[in-house]
> 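Please read through the structure below; I'll follow up with questions.
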2 protein chains.
Amino acid sequence: MKPNRRVKLSDLASKLGLSTSTVSRALNDHPKIPTATKKRVQLLADELSYHPNPFAKGLLKQKTKTIGVLLPSFKLPFFVDITDNIQKELKSYGYNLIVTTTGKSLKDEKEAFWKMAKAHVDGIIAIINQDHEEVSFLNDILDEGIPIIFIDRVVESIDANYVLSDDFTGSYTAIDHLIKTGHKKILYLEGPENLSTSFYRTQGYLEALKDNQINDTNVLSCENVDEVKLKLQSCPSSYDAIACFNDYYAFEALEYLQAQKVQVPNQVSIIGFADEPLCKYTSPKLSTVAQPCEEIGKISVSNLLNEINSLQINQPTEFKTIKIPTTLKIRESCK
Amino acid sequence: MKPNRRVKLSDLASKLGLSTSTVSRALNDHPKIPTATKKRVQLLADELSYHPNPFAKGLLKQKTKTIGVLLPSFKLPFFVDITDNIQKELKSYGYNLIVTTTGKSLKDEKEAFWKMAKAHVDGIIAIINQDHEEVSFLNDILDEGIPIIFIDRVVESIDANYVLSDDFTGSYTAIDHLIKTGHKKILYLEGPENLSTSFYRTQGYLEALKDNQINDTNVLSCENVDEVKLKLQSCPSSYDAIACFNDYYAFEALEYLQAQKVQVPNQVSIIGFADEPLCKYTSPKLSTVAQPCEEIGKISVSNLLNEINSLQINQPTEFKTIKIPTTLKIRESCK
DNA sequence: CTGTTAGCGCGTTCAT
DNA sequence: ATGAACGCGCTAACAG
């Protein structure tokens, strides 16, 4: 392995008998450079596989062409899917991506933001876990001129740009579908208390019942997946459908019912939320509400890039929240 | 949102009545600076939340403290898991991570390598798809002083550093276990032809049969998941176990058998490979061979960092291949 | 112990 | 149309 010998502008210049400025201009397609020289320069650049040193450039332009993505973990396919779409979208704009997982602690989350700031990313896209008591550090980061887009989850205490899936309508539609297909008593397995997504999904359930003149609501709160089976045990089994905060809850419910020899979907239908890959691997295959990962990725990127640009020309923008529609996926777990 | 006003060394210097070099030295814990000044400087730096501009630093040191990870897709949890572990490990060394997915085309793969080179990463960890006819571009990248570690898959034509899971032994152990637990006729669903992992796993199967004096080998080649059911249809069902190239193949086999009303594991046992999360969501839960994602992540990082350091002091190293043991996970799909 | 100077590689004046 | 000179922010070398 040879030592580090990267070719630079001055190398090209001396080989071509030109000045570095001319070479730079030629490479950047400056109007006053004759096409002939441009070609000559480009040719040598390609031959020596020259790439401009991003540090020199970054130092000059104060732009890194890199954006940071911050997510709780790689374990949830939903997050990964969004990240993937962000990456693809960013690629088309010539931007790079730095990813950091934050774990569950507020401290890690805060650190991750600072890490991004240190890396001088041009912007940040973040999925954050929960409410932060103290959000001044976010303002510090905004003060450094780094715009942030929050996705998937709303944090009450933070006024900012959000890109979310329309949890309320998604949940509403699912419940409405269950009712319209003849289900009378729908149990709802509610998610963690401090999650905005959980809140909106429960609201969707309640609203759908109300709009269908069903007064008999039935909500079972579970702080996490492990609580599902326990809670179901101590719950009268007078339901003909279970709607769930997410697919993992739904899977637990499915396992529980099957252990009880309850037939799904003949006796009880089940529906999840998120359309995680596992839905296709359970039997019966899980009905669910698909979240628009691709749109969330695309829209958050385009918004962030807008933000970056309007920041550059010193044009402050308003914070906005964008909700993106979900899609109902009916599979085998609903009759 | 305020305009970009990042605090720099000279800001600290002027506020403290010191020169930039003194401040720089204080912050870098230079021995000849009195502790008192160090404290004073550090205090102000914290207060103004100063972080050194990584571009200025990068320009000077020609080190980015960033490494690139290149993987085919985010869709396979196994890859994501490794990436996650790489990220965690890198974090502990103060390194950043740039991830790029390459898709399946050779062109994308090549481009991704160049992209990393352009970003001037200090090193690259790559999972690549298949054989490249023309690997000179890799040498071009090595020539720029960027070391590369390949993980998971071996590419014949590339002499380089590899970190792999021990596919041969993993597969051997699984098959041996099946035999020892009374299975007489084991069908093997072989993976894609051009994948090194597939090759070694098949070898493990063959060797295990041989060592147990079973001459009756039974290999069914499937280029991809979609072929599994088709191939099984045209295959005499005289087996009492199916071992598979990976978990997705195993899941297809499971679905096929269940559709044929064959009981798993009572009539036929199934075992996969990789320990993808889906294993726990099928019923019966899938037995499999777990790959050491954590070790692969850790070891590839430490090797890469070694490589980077020895490169710095101009000390060429030998290419080496490291194989890491797998773990057999017996779940419900084996009797 | 500390300040001054120089230079990392690039793009952008300002001259010519 | 092109070159010389400067500066982005930082640190290392060289004084003192």
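Both backbone and side-chain heavy atoms feed into the values below; hydrogens, waters and symmetry mates do not. Chain A is the first sequence line, chain B the second, and so forth, proteins listed ahead of strands; every chain is numbered from 1.
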> If you restrict it to nitrogen or oxygen atoms, what contacts under 3.5 Å exist between nucleotides 13-15 of chain C and the protein, and what is each distance?
{"unit_1": "C:dT13", "atom_1": "O4", "unit_2": "A:Arg25", "atom_2": "NH1", "d": "3.3"}

> Atom OH of B:Tyr50 and atom P of D:dT11: how far apart are they, to the nearest Å?
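Result: 6 Å.
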> Look at all strands and tell whether B:Leu9 reaches a base, only sugar-phosphate, or nothing, counting heavy atoms closer than 4.0 Å.
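B:Leu9: base contact, heavy atoms under 4.0 Å.
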> From the options C:dG9, D:dT11, D:dT2, select the nucleotide whose nearest atom is closest to the side chain of B:Leu60.
D:dT11
> Take atom NZ of B:Lys65 and atom P of D:dC10, then tell me their distance rounded to the nearest Å.
18 Å
> Round to the nearest Å and state the distance from A:His51 atom NE2 to C:dC10 atom P.
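Whole-Å distance recorded here is 11 Å.
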> So does A:Lys298 pair up with A:Glu294, basic N to acidic O under 4.0 Å?
yes
> Parallel, tilted or perpendicular: which describes the rings of B:His51 and A:His120, with under 30° parallel and over 60° perpendicular?
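Because their plane-to-plane angle is over 60°, the rings of B:His51 and A:His120 count as perpendicular.
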> What's the closest nucleotide to the B:Asn28 side chain, out of D:dG9, D:dT11, C:dT12?
D:dT11
> C:dC10 P sits how many Å from A:Lys63 NZ, rounded?
21 Å
> Quick one: do A:Lys65 and A:Asp122 make a salt bridge, cutoff under 4.0 Å?
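No, this pair does not count.
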> May I have the distance from A:Phe55 (atom CZ) to D:dT11 (atom P), rounded to whole angstrom?
14 Å
> OP1 or OP2 of D:dT2 less than 4.0 angstrom from a side-chain nitrogen or oxygen of A:Thr22, does that happen here?
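False: A:Thr22 side-chain N/O out of range (4.0 Å or more) of D:dT2 OP1/OP2.
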> Does a salt bridge link B:Lys115 with B:Glu111, judged by any charged N lying under 4.0 Å from a carboxylate O?
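A salt bridge is absent here (no side-chain N lies under 4.0 Å from a carboxylate O).
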> Reading DNA chain C from 5' onward, which residue's closest nucleotide shows up sooner: B:Thr20 or A:Pro52?
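So the residue in question is B:Thr20.
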> B:Lys38 NZ to C:dT2 P: how many Å, rounded?
11 Å
> Please state how far atom NZ in A:Lys32 lies from atom P in C:dG11, giving the value in whole angstrom units.
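Answer to the nearest Å: 18 Å.
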> Does B:Lys57 reach a base, just sugar-phosphate, or nothing at all? Heavy atoms under 4.0 Å.
sugar-phosphate
> Check whether A:Asn28 reaches the backbone of A:Ser24 with its side chain - one donor and one acceptor, N or O, closer than 3.5 Å.
yes
> Answer yes or no: is there an ion pair linking A:Lys88 with A:Asp84, defined by an N-O contact shorter than 4.0 Å?
yes
> B:Ser24 side chain N/O closer than 4.0 Å to the phosphate oxygens (OP1, OP2) of D:dC10?
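No, because none of the side-chain N or O atoms of B:Ser24 sits under 4.0 Å from OP1 or OP2 of D:dC10.
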> Can you list the steps and then say if A:Phe137 with A:Phe113 is a ring-ring contact (aromatic ring centres under 6.0 Å, His included)?
CA-CA 9 Å; A:Phe137 74 97; A:Phe113 274 104; 5.7 Å; yes
> Nearest of D:dC10, C:dC1, D:dG3 to any side-chain atom of B:Asn53?
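From the listed options, D:dC10 comes nearest.
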> Which is true for A:Lys8 with a 4.0 Å heavy-atom rule: it touches a base, it touches only sugar-phosphate, or it touches nothing?
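A:Lys8: backbone/sugar contact only, no base atoms under 4.0 Å.
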> Please give, in whole Å, the distance from D:dC8 C1' to A:Leu59 CG?
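Rounded to the whole Å, the gap is 4 Å.
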